[in-house]
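Every number for a ligand or one of its atoms is a count from 1 in the order of the listing.
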Amino acid sequence: MPSPPEGCLFCSIVREGSYVRKGKGFVAIKDINPKAEVHLLVLPERHVDTFRDVGEFPAREAKRMLEFVADTAREAGLTDYRVEVNVGPSAGQTVFHLHWHVLGGGPAQREPAGDAETAVVEL
Ligand code: 5GP
Ligand code: ZN
């Protein structure tokens with residue numbers, strides 16, 4: 001496994017242990033700048049740059065990662081939520097350590113995109 005780049009923010013967070021939930025090989029942290037009532041980030045403890053490199057995970061570990069995302073949302077009290085991964089700078093990735101955004105409980109949950117037209121009619 002290649003060593004993590006010097007100064008990776010999320011590697012530091014993992015090292016410091018400042019997470020809200022931990023599983024085998026994965027942690028969940030609170031996003032410092034939440035975009036919903038609940039905004040968590042799930043990241044692998046080991047450094048992987050982006051989702052493009054998902055093939056680096058053995059199948060069992062990849063499955064565990066997805067289950068950890070779902071379990072994190074459930075334990076945060078969410079039934080409906082969004083899971084998002086930004087891949088590359090022009091898609092909005094700013095931290096180059098793979099992470100899954102788990103967003104719920106905010107306006108996006110209360111007003112799904114499909115209801116926008118209905119809401120206008122009701123006004
Ligand atoms: P990206 O833009 O790469 O998809 O997501 C990076 C996320 O990391 C952003 O939502 C940003 O708010 C969050 N973030 C940036 N710096 C920190 C930090 O120091 N601590 C935590 N907990 N989150 C951070
Ligand atoms: Zn890292």
Side-chain angles (χ1 to χ4, degrees):
M1 194 199 313
S3 52
E6 282 294 310
C8 171
L9 175 65
F10 286 174
C11 281
S12 306
I13 287 177
V14 168
R15 266 197 310 272
E16 289 159 8
S18 32
Y19 38 76
V20 293
R21 186 163 191 268
K22 175 160 167 46
K24 194 177 166 201
F26 302 95
V27 299
I29 65 175
K30 283 187 179 174
D31 197 292
I32 203 169
N33 181 23
K35 311 237 173 8
E37 273 170 33
V38 176
H39 187 172
L40 299 168
L41 304 172
V42 166
L43 34 136
E45 286 186 291
R46 67 167 155 131
H47 184 89
V48 172
D49 280 344
T50 80
F51 183 76
R52 269 187 231 111
D53 307 318
V54 73
E56 287 185 19
F57 293 97
R60 274 178 40 197
E61 201 178 343
K63 180 171 185 281
R64 227 177 25 245
M65 177 164 64
L66 292 178
E67 286 171 345
F68 188 78
V69 170
D71 291 347
T72 298
R74 187 168 49 246
E75 284 195 10
L78 301 174
T79 49
D80 296 6
Y81 55 91
R82 286 188 295 132
V83 175
E84 184 181 299
V85 182
N86 298 323
V87 188
S90 54
Q93 185 175 7
T94 58
V95 179
F96 291 84
H97 178 131
L98 170 63
H99 53 281
W100 303 71
H101 295 258
V102 176
L103 299 128
Q109 182 176 324
R110 288 196 296 269
E111 296 167 24
D115 282 356
E117 217 176 297
T118 314
V120 172
V121 171
E122 282 170 0
L123 284 175

Are Val85 and ligand 1 in contact, using a heavy-atom cut-off of under 4.0 Å?
-> no
Can a salt bridge be assigned to the pair Glu45 and Lys22 using a cut-off of 4.0 Å between side-chain N and carboxylate O?
-> yes
Is His39 in polar range of ligand 1, meaning some N or O pair under 3.5 Å apart?
-> no
Per residue His97, nearest N, O or S atom to the Zn ion (ligand 2) is named ND1
Using distance alone, decide if ligand 1 has a nitrogen or oxygen within less than 3.5 Å of any nitrogen or oxygen in Val95.
-> yes
Contact atoms of ligand 1, heavy-atom distance to Ile13 under 4.0 Å = 20 (N)
Ligand-residue contact atoms, ligand 1 with Phe10, heavy atoms, under 4.0 Å | 8 (O)
Ser12 side chain vs Cys8 backbone, donor-acceptor pair below 3.5 Å | yes
Starting from the C-alpha separation in whole Å, work towards a yes-or-no answer on salt bridge (charged side-chain N to carboxylate O under 4.0 Å, His left out) for Glu61 and Arg46.
-> CA-CA 12 Å; Glu61 201 178 343; Arg46 67 167 155 131; 3.1 Å; yes
Do Leu98 and Thr50 come close enough that some side-chain heavy atom pair is under 4.5 Å?
-> no
Side chain, backbone, both or neither: the part of Glu84 lying under 4.0 Å from ligand 1 by heavy atom = neither
What do you reckon, does Lys30 have a nitrogen or oxygen under 3.5 Å from a nitrogen or oxygen of ligand 1?
-> yes
With backbone taken as N, CA, C and O and side chain as the heavy atoms from C-beta onward, which portion of Asn33 lies under 4.0 Å from ligand 1: side chain, backbone, both, or neither?
-> both
Under the salt bridge (Lys or Arg N to Asp or Glu O under 4.0 Å) test, which residues partner Arg74, sequence neighbours left out?
-> Asp71
Identify the closest protein heavy atom to atom 5 (O) of ligand 1: which residue and atom is it, and at what distance?
-> His99 NE2, 2.9 Å
What atoms in ligand 1 come closer than 4.0 Å to a heavy atom of Ile29?
-> 22 (N)
Check whether any side-chain heavy atom of His101 lies under 4.5 Å from a side-chain heavy atom of His39, and answer yes or no.
-> yes
Worked verdict on His97 versus His99 for ring-ring contact (aromatic ring centres under 6.0 Å, His included) = CA-CA 6 Å; His97 178 131; His99 53 281; 7.9 Å; no
Heavy atoms, side chains only, cut-off 4.5 Å: are Val102 and Leu78 in contact?
-> yes
Is Gly92 in polar range of ligand 1, meaning some N or O pair under 3.5 Å apart?
-> yes
To 10°, measure the SG(Cys11)-the Zn ion (ligand 2)-ND1(His47) angle for me.
-> 110°
To which protein heavy atom is atom 16 (N) of ligand 1 closest, and what is the distance rounded to 0.1 Å?
-> Leu9 CD2, 3.4 Å
May I ask whether Phe96 places a heavy atom under 4.0 Å from ligand 1?
-> no
List the steps, then state whether side-chain contact (heavy atoms from CB on, under 4.5 Å) holds for Phe57 with Met65.
-> CA-CA 9 Å; Phe57 293 97; Met65 177 164 64; 4.0 Å; yes
side-chain contact (heavy atoms from CB on, under 4.5 Å) filter on Phe68, not counting sequence neighbours, yields Arg21, Phe26, Ala28, Val42, Thr72
Of the backbone atoms (N, CA, C, O) and the side-chain heavy atoms from C-beta on, which set of Ile32 has a member under 4.0 Å from an atom of ligand 1: side chain, backbone, both, or neither?
-> both
Test Asp53 against Glu56 for side-chain contact (heavy atoms from CB on, under 4.5 Å), laying out the working first.
-> CA-CA 6 Å; Asp53 307 318; Glu56 287 185 19; 3.7 Å; yes
With backbone taken as N, CA, C and O and side chain as the heavy atoms from C-beta onward, which portion of Tyr19 lies under 4.0 Å from ligand 1: side chain, backbone, both, or neither?
-> neither
